[in-house]
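Right, one structure below, let's go through it.
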Amino acid sequence: MTGRVQGVLRLGRHEFAPGKPVVMGIVNRTPDSFYRPGITWDEPAAMDRVHQVIAEGADIVDVGGVPAAPGAEVDVGEEIRRIAGFIAAVRGRYPDVLISADTFRHEVGREACAAGADLINDSWGGWDARLAEVAAEFGAGLVCSHTGGQQPRTRPFRVAYADVMADVLDQTLRLAGRAVQAGVDPERIVIDAAHDFGKNTWHSLEITRRLSEMTATGWAVLVSLSNKDFVGETLGVPVDERLTGTLAATAVCAWQGARIFRAHNVTQTRHVVDMVAAIRGDILPARVVRGLA
Amino acid sequence: MIISAALCPAPPLLARELTGADPVVPELRQACRDAAAGLLRGRPDVIVVVGAGEATATWDGGAGLDVSRFAPGIGQAVRDDPEGAPVLPLPLGLGARLLDQAGYAGPRVLQLVGGDEPAGRCAGLGAGIAGSARRVALLAMADGSARRGPRAPGYLDARSGPFDAEVERAVRDGDLDALLAIDEVLARELMATGRPAWQVLAGALQGTEPTTEISYRDDPFGVAYLVASLQPNHLRP
């Protein structure tokens with residue numbers, strides 16, 4: 001498959017050339033997310049987490065107020081309360097840092113963009129079609145992800161695909177096209193296979209293996225792999241022992257041309273994606289002296 | 001006759017693209033650029049670049065530096081000779097680049113001197129270079145010992161300190177006899193690859209009692225780098 005050439009990726013006022021890896025640090029404003037639940041539920045703790053991920057090399061801070069897994073209902077008003085004011089506070093502290101709002105609802109996306117978000121990370125595959133309109137209205141970016149038709153906050157139940165990557169391409173490219181139709185700048189559109197979303201572990205391994213089919217479309221590809229169940233099931237390890245497996249999957253995706261890496265462990269992810277980018281010849285090594293003196 | 005000379009080291013890291021995002025040795029590069037640019041001020045008829053390598057040989061200046069051997073993947077492979085002539089040895093390639101950076105487009109000769117050539121042969125080569133045109137400038141690419149510390153490429157050899165100090169003194173004082181007297185065996189043991197080029201330089205400057213300005217001397221990675229400009233004073237016919 002020859003495919004289209006990757007172009008520039010624009011987020012906020014930033015411009016990322018092809019080959020320049022972008023790390024998105026996760027900041028949850030939730031009491032019940034799967035990884036270290038509740039650790040940044042308090043606003044001061046969440047702001048400390050923002051300082052940390054930026055210091056560790058994140059290009060984007062991804063703020064979310066609703067866990068992906070089913071659980072206590074978080075309505076629109078509550079989700080806005082959790083993230084909009086916080087995004088405004090982050091914007092105030094860091095005028096130039098990129099902020100992403102992890103939401104599947106257009107009302108929340110609107111408040112997040114008004115507060116300063118540069119990107120709407122719609123993990124639930126365009127369940128709310130009006131999110132694209134909000135992104136267009138604010139000149140924001142949009143992540144178009146694959147869920148296999150799952151409703152937000154549901155777990156996969158006996159999901160099956162004739163060809164999971166074909167389904168991923170079908171849904172994400174359709175959503176990207178819809179976003180362009182809605183007026184979103186194509187250079188601000190990102191596609192995401194959404195590991196674990198509407199997929200069992202075999203499916204997530206397959207899309208990891210075949211990620212180059214997504215990058216060959218020319219759309220910028222985001223991967224969200226961090227400490228997920230497919231890593232845990234593959235290695236037989238609990239959530240607090242998944243970093244190594246996460247980084248292995250990260251390297252494989254980076255090698256195949258993924259451009260945005262959503263991660264809890266920012267330092268390690270930064271190291272992996274920069275190392276792979278240097279191996280690919282996309283970025284320069286930091287400092288080379290060995291054997292050259 | 002020789003109208004000016006410059007001395008620069010020839011480590012691969014002199015090529016900016018080889019050190020990655022960090023320039024690592026900007027002061028060294030600047031000193032080398034300035035020394036090479038100084039050669040142009042006397043309006044030479046020809047600039048000869050001399051460096052040590054496998055065997056004595058001459059290139060007439062068409063080829064450039066090929067960094068791809070040091071950094072495959074960053075491109076810039078120079079294959080401009082369709083006949084497949086060998087690419088320039090490192091010191092000549094770096095010297096040629098310094099002339100390019102100085103904006104020199106006049107005649108140039110790239111002279112490799114064999115690493116095993118004895119001092120007398122090196123001096124003779126230098127004298128020949130000095131007499132090769134009415135106004136000759138010489139750029140000698142030469143490194144001191146690569147054994148200047150435990151982290152040096154050749155590990156520490158305590159003799160490297162006095163050795164390089166004596167080379168520096170000889171260059172500073174214009175003591176050409178001392179340069180010609182450098183022990184070839186000791187130089188090889190100390191991985192001082194510049195020895196033949198120093199001696200070509202000394203041969204080219206014989207009888208001129210040069211005045212020297214040293215603009216850089218350091219060993220940031222355990223190899224002695226010396227940058228100097230040498231101006232002949234008493235020209236003998």
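Keep in mind it's a predicted model, so treat the numbers as computed, not measured. The chains referred to below are lettered A, B, ... by the order of the sequence lines, with proteins before strands, and numbering in each begins at 1.
For the residue pair A/His51/A/Arg93, the side-chain donor-acceptor check at 3.5 Å is satisfied. A side-chain donor-acceptor contact under 3.5 Å links A/Thr208 and A/His195.
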Every donor-acceptor pair from chain A to chain B under 3.5 Å, please, each on its own line.
residue: A/Pro285; atom: O; partner: B/Ala21; partner atom: N; Å: 2.8
residue: A/Ala286; atom: O; partner: B/Ala21; partner atom: N; Å: 3.3
residue: A/Ala286; atom: O; partner: B/Asp22; partner atom: N; Å: 2.9
residue: A/Arg287; atom: NE; partner: B/Asp22; partner atom: OD2; Å: 3.4
residue: A/Val288; atom: N; partner: B/Thr19; partner atom: O; Å: 3.0
residue: A/Leu292; atom: O; partner: B/Leu13; partner atom: N; Å: 3.1

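The most heavy-atom pairs under 4.5 Å with chain B, out of A/Ala286, A/Gly281, A/Gly291, come from A/Ala286. Ranked by heavy-atom pairs shorter than 4.5 Å toward chain A, the options B/Ala21, B/Ala15, B/Pro11 are led by B/Ala21.
Contact check for A/Val53 versus A/Val61: side-chain heavy atoms found under the 4.5 Å cut-off. B/Leu13 is listed as a side-chain neighbour of B/Val25, based on a closest heavy-atom distance under 4.5 Å.
Panel note: side chain A/Arg10, backbone A/Glu15; no donor-acceptor pair is recorded below 3.5 Å.
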Working note: A/Val223 + A/Thr250, criterion side chain to side chain contact (heavy atoms under 4.5 Å, CB included); need CA distance, chi angles, decisive distance, verdict. CA-CA 8 Å; A/Val223 286; A/Thr250 299; 6.0 Å; no
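More than 12 heavy atoms of other residues, nucleotides or ligands shown are found within 6.0 angstrom of CE on A/Met47.
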